Every structure is written in structure tokens, then in C-alpha cells.
**Student:** 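This structure is in C-alpha cells; I'll ask about it shortly.
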Amino acid sequence: MADLNTDVRMIRGIGEQRAKALGKLGIATLRDLISWFPRKYDDRTQAKRIADLVPGESACVAAMIASPPTVSHIRKGMDLVKVRAVDESGVLDVTFFNQTWLKNQLHQGETYIFYGRAEGSLLRKTMASPIVEQEGRGEFTGRIVPIYPLTAGVSQLILSRSIRQGLDACADILPDVLPDEIRQEHHLCRINYAYENIHFPESAEALDIARRRLAFEELFLFTIGLKRLRRRREVVHVPPCRAVDMDAFYAALPFSLTDAQRRCVDEALADMTSGTPMNRLCQGDVGSGKTMVAAACVYFAVKNGRQAALMAPTEILAQQHYAGLAPLMENLGVRCALLTGSTPAKTKRSIAAQLSTGEIDFAIGTHALITGSVEYADLGLVVTDEQHRFGVGQRAALAGKGEHPHTLVMSATPIPRTLALILYGDLDVSVIDQLPPGRRPIKTYAVPGSYHPRVYAFLRKLVAEGRQAYVVCPQVSENDELPDERKAVTEYAKKLQAEVFPDLKVAFVHGKMKPKEKDAVMTAFAAHETDILVSTTVIEVGVDVPNAAVMVIENAERFGLSQLHQLRGRVGRGKHQSYCILISDNQNEETKQRLRVMTKTADGFKIAEEDLRLRGPGDFFGQRQHGLPGLRVADIGCDTQLLKEAQQAAEALLAKDPELETCPAAAERVAELFTQNADALN
């Protein structure tokens, strides 16, 4: 009898070739196959009359073939089958490309269901290469049809039929990981019903019931996994740090810390004196002073005789941290070093030697800090900047250089707490929710494209006053395909330089450039060698340029609010009044509402909550780099109530049965989900 780890090739109807194609999607086992959930659904339950077809929209239509199909040979490799279909309301001309066999399968006088995109005019409706089935025999019409993510060599038909075979093969062996009482208490369907109806829904209601069950299960297992990870972390004992008089540190600062910063420092130091490794996320808006919280922790660790390392995602950011922190720390007797990919080999060897003997207390750098040859005498604190840019693996690799070092993760992406729980797993969360005094709010405006001349005149005025500007172009085109971002940015930069600002210095930067080229452009901009920098979102996490006072964002509707907020945070870092101009011609009411949010608030957490409400969590989850098991069904943006229910159920179960002895299926599933990520999450 099959089990869920059975190779897909063992399933009837899936041969070597199909298995190979499925392998490209990461589908190797029966469980992988039935857990390959649709990305959306087409409701093909209702057939429209021909007269009611809307050009540009896909629909089902039931129509009788009025005359025999004709075949015409256009050119080599291109044959057309044409057929005229009718119903009581009108005529539909249908064309099929390179499907000559249909000539003998479509019979005059018989009624078929056609599903496709209607084109033509109100009087003359057409369809090109629709799905066609005999009435009453619908595999792809007359029902709600799942649409799956695909890869080359795997069609919707292949996937759908493979999943059908997979579900039939495991009908009797699907374990229900939810205990009966939890399932009943939360009104959840049985697992077989859920899998059947997430793939082949009987109705819209059945699909909702199935989705709710699978989303609950996912969040329930996820919560159990995180609780157990945290518990495992809490049983790791490390020598507690002793208390240190922090007055010398605070006195050395050129400014006073805000109450929020002091609170975050206190929370971190309490962790470090507790006897278990700190695992804390410090999040706050751009400019809220996270680096000073990290500096306080570094000082505390070094005064305890330990070493500290701060890892930044780019060389230029590492250099910026070094330039900001090294003078302060050296004054306090902390020996610092900068280690990046471009550090000369001889210097690298010298720094590595001093780290291994403990002569250097604090290393600041990029992933060069975790290369094999770098060893630490006693690494006690690991700080990572902009964690979501790294991936958990690199954080784990740095932590692996020490004996259970304390970990502090800094993130400038304000994340609602519900989402922080999912994104950052077992990290405790500190929030810096106030800005240092004296920072001017950035004035934000949303304007249509017709304002370009005024915007350019405004840029010219500010540059004349000695300021600099960013102009950001979106990366995604209308049809969600990635265009060549090089072309978009370079062409726009050339146009601005040639036609609008011939007397100013315009530069550009994009993600396809080599890191060294990117750094060179950013460094030149920071040194005020250029006036206007045209960019994609690569500057979202970037170097401090206190002189940059205006951020223009083209096609602002194509960005999430949190991303717009991050981009806006690139300006307003100096003493000058700064501006953010969002340009969009999109007339969609929801889009206008989103951009209005940006003009009304500068609070990153409010913006993040709004983004989550309007767009769901896609924005935050970007590339799933956080190393946690991915959520396939649950949507944190829409399922916050379900998340609360699942968390309560998981906590209640763990309180009664911490080892999950009463539900081995859940214990096994949690172990499977977290195995590949367990090391990275500790």
C-alpha cells in the first residue's frame, strides 16, 4: 500500500517523463503532489449567452455548431480550423491554431461548451483556441477549475490529472493531524474532504470550507513548531552576562537616546543576563536609531569579555556602520575592524588572525565575516542588519562561529506583530516606536503624470539649493512579467540627462549591475558627485545620503505601501526639509486610497497594517528567505482571526500534552516541516 512519501512514479498514470517534469516543480512524492495547491480558480459553472460575452473577458458559452469545420493551411507549421457556433442570441466565430484533429471531432448540429477569451465587436463575437468539450462531459467546463503554478513541460491538464490520480491513491491513508475535539470545536471539515475540495471543489462553499480547514491546520502546526523551537532554545544554558555600568556608554554618545531606544536596550540586556541565548528582533522605522541599540549591546558584550560581530547585507552599508560606530566604540576602548569582500587579502589575513586571538573585540562586515577561514576567540553577540535581506542560513552561519552567541536582528521594515510572529519565528520582538527629536517629517504628495513638468522644475530648484534627488522606476510591467530593468532605468536616466537636465549630473543604478558597480554609483552619489540618481528599488536598503532631500517614485501604484515607506525613508536623513512625490495615473479607487495613506501618515507600523489589510502579506514575504516552512494556503493578511484560533488551539494542546503523545500525526508533521529549517532557526 502506498504511503505519502511514495515516489510519484509509483502512482498509476505517472511515468518517467511526467515524473521528471513534475520534479522541476519540486514534486517528488505523493505528499508533494497532493499539496501542490492551485494559485487561483476559474468559475466555469455558469455558461453565458453569445450576446452577453464581453470582449476581453474569459467565459463559458454553450453553442451549437452551425456548419462543418473548415481547415486552412496558412504557412508551414500553421494550420487553422475555423468553425461557426450559434445559440438563440447570436453567432460566435471560433478559430483553433494547429489543432487539425478537431475538424473530425466537432460535428455540425451538436452542442459544445467553449471556454475562452471573447474578442470581436458587440455584433461579431470571436474566440481563439478555446477549451472545447461536449455538453455534459465537462472536465474543464461546468465546474470550478483549479489553476496551478506551472513549469515548462507541465500543463494544467497534466497537473490536474496527476493530482486526481494522487488523491485517488491516498484516499485511505491521509492522516488527520488535527485531534477530533479541536476539529469539532472550530467547525473544521475532515482532511479527505479538504484535499478533495481544494483541488476539485464541488461548489464555492465547499472550496471555502476546504481552504479554511487547510489554513487552520497550517497555522496550528506552525504555532506548535515555533513554541517547541522556543522551548528548545530556553533549555540551552549559557553563562549569564554580568551587569555592566552603562553610564560610560551613554555619556560617550553625542545625543540622548529616546525612551523607546532605552527600553529596547534594557530588553536586550535583560536577555543577555538571563542565562539563555538572546534571540531578539529590534524593529523600528528608518532613522529610529536601531544602530545605537546594537552599539549598546556590543559595548555590554565586550565589557563581559566577549566578542561581537555586526553583519550588513552590502559592502557600502557595512562601511557606513563602520564609519558611524568605530570612532564611538574605539573611544570606549572597544577594538574594531571592518571586513568585507574588497578588504585586501593581506589585511583580511591580519584581521582573521586578530579575531582568532581576541585582539579585535568587534568586527563589522558583510558575509565575509562568515567565510570558512574566519574564526573568533569568543563570539558572544551576533548582530545582523536588515535580516530579511540575508536569509536565516547566513545568520545561522555567523551564530555557528560562536558557542550559542546572543543574536540581535535589526529590521527597518515595520511589520505588524501578527506577521512578525510568522516571519521571524522564534525571535522576541522589540519595537522602537518613536523618532529622535528634531527629525522633520517628510512632506509626501501623490500627483498624476501630467505634473511631470512641475516635478522636474521642483527638482531643479532643490538641486540649485545644493540638494540631491532620487527617481525610482518600478521593476514590474503590466502583465506581471519582469521586463529588462536595465533598459527601463538606463533609458529613463538618458532621457532625463539629455532632455530635462542636460546641465546636471544624472546617474543610474539597478539590480543587474555587479555589486562593485552598484557600490561605486552609490558612493559617488553619497559624495555629491551626482545630482540625480535614477534607480530601481535596489536603493530601498541603502547608504545614508543626508543631502538627498527629494524622492520621486514613478508608477507608485505598482509598489506596496511598505515598500513605498522604505523608499521614502531614503530621504529626510539630514537637516533639510525633505519631500516624497508619488506619481501615478492609476484611477483605481483602492490604489488612490493606498497612496492617500502615504500622504497622511509617516508611521511605518500604521502603514504596514494598512498594507496588510489592502494587499495581503505578499509584500512582506517577498522571496521566502526567512527559512521557515512556507505557508501554502493561509494568508496572514486575511486570516488573522483564523491565526488567533489556531494559536489558541495549539497553546491549549501543548499545555495539556507538551510532547504531543496524544496526537502522533501532528508531532510527525511538525517534525517534518521544521527539520530542514531547525538548525537555521536556533
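From a predicted model like this one, the values you see are computed outputs, not experimental measurements. In what follows, every heavy atom counts, from backbone to side chain, and hydrogens, waters and symmetry copies are set aside.
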**Student:** Under the rule for side-chain hydrogen bond (donor to acceptor under 3.5 Å, both in side chains), what residues qualify as partners of Arg164, not counting sequence neighbours?
**Tutor:** Asp168, Glu196

**Student:** Residues two or more places apart in sequence or in another chain: which of them pass side-chain hydrogen bond (donor to acceptor under 3.5 Å, both in side chains) with Glu554?
**Tutor:** His452, Tyr492

**Student:** List the residues meeting ring pair (Phe, Tyr, Trp, His ring centres under 6.0 Å) with Tyr148, not counting sequence neighbours, and say none if there are none.
**Tutor:** His199

**Student:** Enumerate, atom names and distances included, each donor-acceptor pair closer than 3.5 Å involving a side-chain atom of residues 13-26, sequence neighbours excluded.
**Tutor:**
from  : atom 1 : to     : atom 2 : distance (Å)
Glu16 : OE2    : Arg9   : NH1    : 3.0
Arg18 : NH1    : Ser162 : OG     : 3.4
Lys24 : NZ     : Ala152 : O      : 3.1

**Student:** Checking Ala118 now: which residues fulfil side-chain contact (heavy atoms from CB on, under 4.5 Å) with it, not counting sequence neighbours?
**Tutor:** Leu53

**Student:** Glu205: what forms a side-chain contact (heavy atoms from CB on, under 4.5 Å) with it, not counting sequence neighbours?
**Tutor:** Ser203

**Student:** Going by atom type alone, with no hydrogens or angles, which donor-acceptor pairs under 3.5 Å involve a side-chain atom of residues 102-111 and a protein atom two or more places apart or on another chain?
**Tutor:**
from   : atom 1 : to     : atom 2 : distance (Å)
Gln108 : NE2    : Ala66  : O      : 3.0
Glu110 : OE1    : Tyr112 : OH     : 3.1
Glu110 : OE1    : Gln134 : NE2    : 2.9

**Student:** Please report the interatomic distance CZ(Arg558) to OG1(Thr591), rounded to the nearest 0.5 Å.
**Tutor:** 11.5 Å

**Student:** Inspect the contact between Asp93 and Arg84 and indicate whether a charged nitrogen and a carboxylate oxygen are less than 4.0 angstrom apart.
**Tutor:** yes

**Student:** Under a 4.0 Å N-O cut-off, is there an ion pair linking Arg212 with Glu645?
**Tutor:** yes

**Student:** May I have all residue pairs that pass ring-ring contact (aromatic ring centres under 6.0 Å, His included) and include part of residues 55-106, sequence neighbours excluded?
**Tutor:** none

**Student:** Sequence neighbours excluded, which residues qualify as side-chain hydrogen bond (donor to acceptor under 3.5 Å, both in side chains) partners of Asp176?
**Tutor:** Arg213

**Student:** Only counting residues at least two apart or in another chain, list the ones meeting ring pair (Phe, Tyr, Trp, His ring centres under 6.0 Å) with Phe216.
**Tutor:** His186

**Student:** Could you work out, with side-chain hydrogen bond (donor to acceptor under 3.5 Å, both in side chains) as the rule, every residue matching Ser35, not counting sequence neighbours?
**Tutor:** none

**Student:** Check side-chain contact (heavy atoms from CB on, under 4.5 Å) between Ser450 and all other residues, then give those that pass, not counting sequence neighbours.
**Tutor:** Pro448

